[in-house]
> 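There's a structure below that I have some questions on.
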Amino acid sequence: VQLQASGGGLVQPGGSLRLSCTASGRTFSSYNMGWFRQAPGKGREFVAVISGSFGTTYYADSAKGRFTISRISGDDAENMVYLQMSSLKSDDTAVYYCAARQGSVLEVVRGYTMDYWGKGTQVTVSS
């Protein structure tokens, strides 16, 4: 599985942004797909995950009500995962990463090591 995140940029507080993650690989549909972020001087943190089976979603408290994770899975080798972000705050400024892990979706929420990581995309929320 290869992952590539995109869609970051500069946005004003209160604005919206949609991040995309392109995932290629035959077994993508079985993976739980997560978004993580790392702000300057801080550790990487979980943001959201969508399961590979039923599309079950979980969010960090900081993302609930503002962010929405979704995915498009198909028979094609390339599939997409999105993170729609709204009501953005300066605290959302970070490098955002997409990642994949097989197994239970709750393992992603609980911080288990992800199987694959993509390169990050920078999101800056500033006026």
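Side chains are part of it too, since the values below use all heavy atoms of this structure and drop only hydrogens, waters and symmetry mates.
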> Should the pair K89-D92 be classified as a salt bridge under the 4.0 Å nitrogen-to-oxygen rule?
no
> Given the rule that I, L, V, M, F, W and Y join up when any side-chain heavy atoms are under 4.5 Å apart, are V47 and V108 in one cluster?
no
> Rounded to the nearest 0.5 Å, what separates atom CZ in R71 from atom SG in C21?
9.5 Å
> For a 4.5 angstrom cut-off between non-hydrogen side-chain atoms, does Q84 reach S70?
no
> Sequence neighbours left out, what passes salt bridge (charged side-chain N to carboxylate O under 4.0 Å, His left out) with D91? Give chain and number order.
none
> Does the side-chain contact (heavy atoms from CB on, under 4.5 Å) test come out yes or no for E107 and N32, once each step is laid out?
CA-CA 9 Å; E107 292 175 345; N32 304 300; over 6 Å; no
> Mind checking whether L106 and Y58 have side chains closer than 4.5 Å, heavy atoms only?
yes
> Counting only N and O atoms by type, is there a donor-acceptor contact under 3.5 Å from the side chain of S90 to the main-chain atoms of V125?
no
> For the backbone of R66 and the side chain of S86, can you confirm whether one donor and one acceptor N or O come within less than 3.5 Å of each other?
yes
> So how far is it from T121 OG1 to Q4 CD, rounded to the nearest 0.5 Å?
8.5 Å
> Could you list the donor-acceptor pairs under 3.5 angstrom formed by side chains in residues 7-19, with sequence neighbours left out?
none

> To the nearest 0.5 Å, what is the distance between CE on M114 and OH on Y97?
14.0 Å
> Rounded to the nearest 0.5 Å, how far apart are CZ of F46 and OH of Y59?
9.0 Å
> Do we see a donor-acceptor contact under 3.5 Å between the side chains of S24 and Q2?
yes
> Contact between Y112 and S104 at the side-chain level, heavy atoms closer than 4.5 Å - yes or no?
no
> Rounded to the nearest 0.5 Å, how far does OG1 of T68 lie from CG of L83?
8.0 Å
> Kindly give the heavy-atom pair with the smallest separation between Y31 and A100, and that separation in Å.
CD2-CB, 3.7 Å
> Between V95 and F36, is there a side-chain heavy-atom distance shorter than 4.5 Å?
no
> Is V105 reachable from F67 through a run of hydrophobic residues whose side-chain heavy atoms are each under 4.5 Å from the next?
no
> Cluster question for you: counting only ILVMFWY and a side-chain heavy-atom cut-off of under 4.5 Å, with indirect links fine, are Y96 and V49 together?
no
> Write out all pairs satisfying salt bridge (charged side-chain N to carboxylate O under 4.0 Å, His left out) with one or both partners inside residues 40-57, taking only residues at least two apart or from two chains.
R37-E45
> Taking atom OH of Y116 and atom CD of Q102, what is their separation to the nearest 0.5 Å?
7.5 Å
